[in-house]
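In what follows, every heavy atom counts, from backbone to side chain, and hydrogens, waters and symmetry copies are set aside.
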Amino acid sequence: MAARADAWGALGMDAEPALPLPPGVLGLVASQRERRMVARLTGKHPRLPWDRLLFSAKESVYKAWRPATRRWIGTAAIVVAFTAGGLLTAEVHPDRTPPPPVRRRSENGQAAGPGAGAPGHGGVAARYMGRWCVDRGLLLTAVAVPAGTPPTVPARCAGPQVSV
């Protein structure tokens, strides 16, 4: 994906097959709160693979976050909620990412290098808004942050919309 840097501060998109995640994957990528959300939405709209939609939304956020910050974060650092009409919101909490198993240490013993430390001492480092849809057997998610302005919501996808 490409965009003008003076127009967009961050962009992230993901496409996944509109199928449930393999067994066990949701527990690796979702918080307890997100698993409850997926269960509730699956009960209301069982034809949509909400677990994979959650995974896709987290991928879109990561794809916007990483180039903008040059910091790695894990899926636990991204908290997603789906709202009515194909909208999604996400917050990034870098402090929820455990350090990788092998890591350089600074002279004072603190983690060093990309992804080390968390701004705001546990607060939200970034908020994203975006869209999701299901179209032609694919789940599509996207987040976009205009350069120098608060996040706005991208245009709707042509696929069917679901109220959540």
Would [X] end up clustered with [Y] when hydrophobic side chains under 4.5 Å apart are linked, directly or stepwise?
X	Y	answer
Leu88	Leu26	yes
Val134	Leu54	yes
Val79	Phe82	no

Determine the minimum heavy-atom distance between [X] and [Y], stating which atoms define it.
X	Y	answer
Ala77	Arg96	CA-CB, 3.9 Å
Asp14	Lys63	OD1-NZ, 2.9 Å
Trp65	Arg71	NE1-O, 3.0 Å
Ala57	Val80	CB-CG1, 3.9 Å
Thr75	Lys58	O-NZ, 2.8 Å
Glu91	Val124	OE1-CG2, 3.6 Å

Evaluation steps, side chain to side chain contact (heavy atoms under 4.5 Å, CB included), between Arg127 and Thr89: CA-CA 7 Å; Arg127 288 185 172 86; Thr89 59; over 6 Å; no

Ile73 and Ile78: CA distance, side-chain angles, deciding distance, side chain to side chain contact (heavy atoms under 4.5 Å, CB included) verdict: CA-CA 8 Å; Ile73 52 170; Ile78 303 168; 3.7 Å; yes

Ring geometry between Trp132 and Trp50 (parallel below 30°, tilted from 30 to 60°, perpendicular above 60°):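 Perpendicular.
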
Those residues that, when tested against Pro22, pass side-chain contact (heavy atoms from CB on, under 4.5 Å) (two or more places apart):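 Listed in chain order: Val25, Arg52.
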
side-chain contact (heavy atoms from CB on, under 4.5 Å) partners for Ala64, two or more places apart: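 Counting only residues at least two positions away or on another chain, Ala64 forms a side-chain contact (heavy atoms from CB on, under 4.5 Å) with Ala10, Tyr128, Val143.
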
Gap between atom [atom2] of [Y] and atom [atom1] of [X] - 0.5 Å precision:
X	Y	atom1	atom2	value
Cys133	Leu138	SG	CG	9.0 Å
His45	Arg40	NE2	CZ	9.0 Å
Thr42	Arg47	OG1	CZ	13.5 Å

Heavy-atom check, side chain of Asp51 versus side chain of Pro20, under 4.5 Å: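 Asp51 vs Pro20: side chains touch.
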
Check: Ser31 main-chain N/O paired with Arg36 side-chain donor or acceptor under 3.5 Å: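 Here the side-chain-to-backbone pair does not exist.
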
Donor-acceptor under 3.5 Å (Ser60 side chain, Thr141 main chain):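 Judged by distance alone, yes, a pair lies under 3.5 Å.
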
